[in-house]
Amino acid sequence: MTIAPDSFDFVATLVRRRSAIQLDSGKEYLVESRLAPLARSAGAADVESYIRSVRANVTLHDKVVEALTTNETSWFRDRHPFTVLKDTVIPDAITRRGKHLKVWSAACSSGQEPYSIAMTIAEHFPDVRASIVATDLSEEVLAKGRSGQYSQLEVNRGLPAPMLVRHFERKGAFFEANERLRSMVSFRRHNLLDAPPLGGPYDVVFLRNVLIYFDVATKRDVMRRVRSVLAPGGWVFLGAAESTIGVDDIWERVPVAGGALYRPREGKAA
Ligand SMILES: C[S@@+](CC[C@H](N)C(=O)[O-])C[C@H]1O[C@@H](n2cnc3c(N)ncnc32)[C@H](O)[C@@H]1O
C-alpha cells in the first residue's frame, strides 16, 4: 500500500522541523519502509494507521524522526581524511595547541568515525591526550557507539585486521573497543540545528555525510555554528560529496593531498 499524500506531508514536515532532513515527494517508499518496523512493534494495522497514531501523540515524534535518519557509516570511511588527519592536521594542531587536543565528531552515527579518529591518535601520537566529543541526533546509534561493541559484519566494513587486534577485545559474538579507545570518546545527543555542544573550542571538527541532507540555508547555519566552536587555526572535514562552495564564502577550501579541508577565511574567524 502507499501512504496518503497528507500522511507523507505530515511526516516530511515533522522530520524537516526536527532534523532539517529534506524528504522530497517521491520519498514515500522511504517513509513506508522506515516506519514499517515501528508500526509492527506498535501493533498498528499498517503504516498509514501508525502515522495517524503518531499525529495524536507527540511522544512518538522523536522515534519517527530517528527512523528517517540514514546512519550509513564505516571504519576509516574514505581513508583519505584519516591520512590527512595523521600527516597534516594533528601535527599542525600539536604545534599550535600542545598535546591536549579536542575533536568534535558531529553526526557520528554508531561510532565508527570517532573510534577511527581515536585509533589514528592512539597509534601515531601515543603521548597526545585527546578528547573526542561524538554527537548525533539518534539515541539508537549513540547507544551503539557507547557500547563500543560491533559484530563481525560491522568490523568487516573497513577496520584493518591488525587494528582490530590492537584495539578491540572479543566479547562473545562482538568485538568491543578497548578501555583506551573508549576513554577518548564521549557520546552525547546533539541536534545540529541547536547551539553547538559545550567543551570546545575544537581543534578538529568532522562533519561528514550529513550536510547532504540539508538545504543551503541550513548548511550555512550549521557551518556557522561549527565556526563558533572552532579553535583558531582549527580544521573542518566534510564528506567527499560535500563542500562550502555555493553555501557560504566565509570558508576557505584548502586542497590537501588530493582531498580538501575547510577553515574560516582570514579575517572571518569567529
Ligand atoms: C550518513 S551518517 C554519517 C555518519 C558519519 N559522519 C560518516 O560519515 O560515516 C549521518 C548521520 O547524521 C545524523 N543526523 C541527521 N540529521 C541530524 C541533525 N539534525 N543533527 C545531528 N545529527 C543528525 C544521523 O542520525 C546519522 O547518524
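Positions are given from 1, in the same order as the sequence printed here. In listed order, ligands and their atoms are each counted from 1. This one's a predicted model, so the numbers in the text were calculated from it and none came from an experiment.
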Undergrad: For Tyr150 together with Phe175, are the ring centres under 6.0 Å from each other?
TA: no
Undergrad: Near Ser109, which atoms of ligand 1 are under 4.0 Å from a heavy atom of that residue?
TA: 4 (C), 27 (O)
Undergrad: Short N/O distance, under 3.5 Å, between Cys108 and ligand 1?
TA: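 Among all N and O atoms of Cys108, none is under 3.5 Å from an N or O of ligand 1.
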Undergrad: In the protein, which heavy atom is nearest to atom 9 (O) of ligand 1, and how far is it?
TA: Thr73 OG1, 2.6 Å
Undergrad: Check this for me - ligand 1, Tyr213, N or O atoms closer than 3.5 angstrom, yes or no?
TA: no
Undergrad: State, without any angle test, whether Ser138 and Glu66 hold a side-chain donor-acceptor pair at a distance under 3.5 Å.
TA: yes
Undergrad: If only side-chain N and O atoms count, and only distance matters, is there a donor-acceptor pair under 3.5 Å linking Ser105 with Glu113?
TA: yes
Undergrad: Would you say the side-chain atoms of Arg182 and Ser147 include a donor-acceptor pair closer than 3.5 Å?
TA: no
Undergrad: Assess the side chains of Asp215 and Thr218: does a donor N or O sit below 3.5 Å from an acceptor N or O?
TA: yes
Undergrad: Hey, is Asn191 touching ligand 1 through its side chain, its backbone, both or neither, going by heavy atoms under 4.0 Å?
TA: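 The answer is both, backbone and side chain.
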Undergrad: For ligand 1, note which part of Glu113 has a heavy atom under 4.0 Å away: side chain, backbone, both or neither.
TA: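 Side chain only.
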Undergrad: Please list the nearest protein heavy atom to atom 5 (C) of ligand 1 with its residue and the distance rounded to 0.1 Å.
TA: Ala107 O, 3.5 Å
Undergrad: Can you list the atoms of ligand 1 that are under 4.0 Å from a heavy atom of His190?
TA: 20 (N), 21 (C)
Undergrad: Mind checking whether Leu192 has an N or O less than 3.5 Å away from an N or O of ligand 1?
TA: yes
Undergrad: Any nitrogen or oxygen of Asp136, side chain or backbone, less than 3.5 Å from one on ligand 1?
TA: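 Between Asp136 and ligand 1 (N or O atoms, distance only) the closest approach is under 3.5 Å.
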Undergrad: Run the ring-centre check on Phe206 versus Phe82 and record whether the distance is less than 6.0 Å.
TA: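 Ring centres of Phe82 and Phe206 closer than 6.0 Å.
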Undergrad: Using a strict 4.0 Å cut-off to heavy atoms of Arg208, name the atoms of ligand 1 that fall inside it.
TA: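 Reading through ligand 1 atom by atom, the close ones are 3 (C), 5 (C), 6 (N), 7 (C), 8 (O).
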Undergrad: What part of Thr135, side chain, backbone, both or neither, has a heavy atom within less than 4.0 angstrom of ligand 1?
TA: neither
Undergrad: Of all the atoms in ligand 1, which lie at a distance below 4.0 Å from a heavy atom belonging to Val210?
TA: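 Those qualifying, in numeric order: 12 (O), 14 (N), 15 (C).
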Undergrad: Give me the nearest non-hydrogen protein atom to atom 16 (N) of ligand 1 as residue plus atom name, then the distance to 0.1 Å.
TA: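 For this ligand atom, the closest protein heavy atom is Ile21 CD1, 3.8 Å.
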Undergrad: Are any of the N/O atoms in Ser74 less than 3.5 Å from those in ligand 1?
TA: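 By distance alone, the answer is no.
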Undergrad: Is the number of heavy atoms from other residues, nucleotides or ligands within 6.0 Å of CD (Glu123) greater than 12?
TA: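 Buried by this count: over 12 neighbours within 6.0 Å.
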Undergrad: Apply salt bridge (Lys or Arg N to Asp or Glu O under 4.0 Å) to the pair Asp46 and Arg40, showing each step before the final yes or no.
TA: CA-CA 7 Å; Asp46 52 32; Arg40 265 196 304 280; over 6 Å; no
Undergrad: Which protein heavy atom lies closest to atom 2 (S) of ligand 1, and at what distance to 0.1 Å?
TA: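 Looking only at protein heavy atoms, the one closest to atom 2 (S) of ligand 1 is Thr70 O, 3.3 Å.
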Undergrad: I need the nearest protein heavy-atom contact for atom 23 (C) of ligand 1: residue, atom name and distance, please.
TA: Leu137 CB, 3.7 Å
Undergrad: Applying a 4.0 Å heavy-atom criterion (strictly less than), which segment of Glu66 is in contact with ligand 1: side chain, backbone, both, or neither?
TA: neither
Undergrad: If you have a sec, work out which protein heavy atom is nearest atom 8 (O) of ligand 1 and how many Å separate them, to one decimal?
TA: Asn209 ND2, 2.8 Å
Undergrad: Within the structure, is a non-hydrogen atom of Gln112 found at a distance of less than 4.0 Å from ligand 1?
TA: no
Undergrad: Which distance, rounded to the nearest 0.5 Å, do you find between the CG of Asn209 and the CG of Asn71?
TA: 12.0 Å
Undergrad: Quick check on the hydrophobic clustering: are Tyr50 and Val65 connected, directly or via other members, by side-chain heavy-atom contacts under 4.5 Å?
TA: yes
Undergrad: Please state whether Ala20 comes within less than 4.0 angstrom of ligand 1, counting heavy atoms only.
TA: no
Undergrad: Classify the side-chain pair Ser7/Glu48 by whether it contains a donor and acceptor separated by less than 3.5 Å.
TA: yes
Undergrad: Provide the number and element of each atom of ligand 1 under 4.0 Å from a heavy atom of Thr69.
TA: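 Ligand 1 atoms under the 4.0 Å threshold to Thr69: 24 (C), 25 (O).
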Undergrad: Kindly determine whether Trp75 and Phe168 satisfy ring pair (Phe, Tyr, Trp, His ring centres under 6.0 Å), including the steps that lead there.
TA: CA-CA 13 Å; Trp75 304 94; Phe168 288 77; 5.6 Å; yes
Undergrad: Output, in order, the C-alpha distance, side-chain angles, deciding distance and verdict of salt bridge (Lys or Arg N to Asp or Glu O under 4.0 Å) for Arg225 and Asp221.
TA: CA-CA 6 Å; Arg225 284 190 281 277; Asp221 292 348; 5.2 Å; no
Undergrad: Who's the nearest protein heavy-atom neighbour of atom 7 (C) of ligand 1, and how far?
TA: Arg77 NH1, 3.2 Å
Undergrad: If I apply the N/O under 3.5 Å rule, does Ser138 come out as touching ligand 1?
TA: no
Undergrad: So which heavy atom on Leu142 is nearest to which on Thr135, and how close?
TA: CD2-C, 4.2 Å
Undergrad: Hydrophobic clusters here meaning ILVMFWY residues chained together by side-chain heavy-atom distances under 4.5 Å, can you tell me if Leu230 and Trp235 are in one?
TA: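 No, it is not one cluster - the side chains of Leu230 and Trp235 are not joined through contacts under 4.5 Å.
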Undergrad: I'd like to check which ligand 1 atoms, numbered from 1 as shown, lie under 4.0 Å from a non-hydrogen atom of Glu72.
TA: 1 (C), 2 (S), 3 (C), 4 (C), 9 (O)
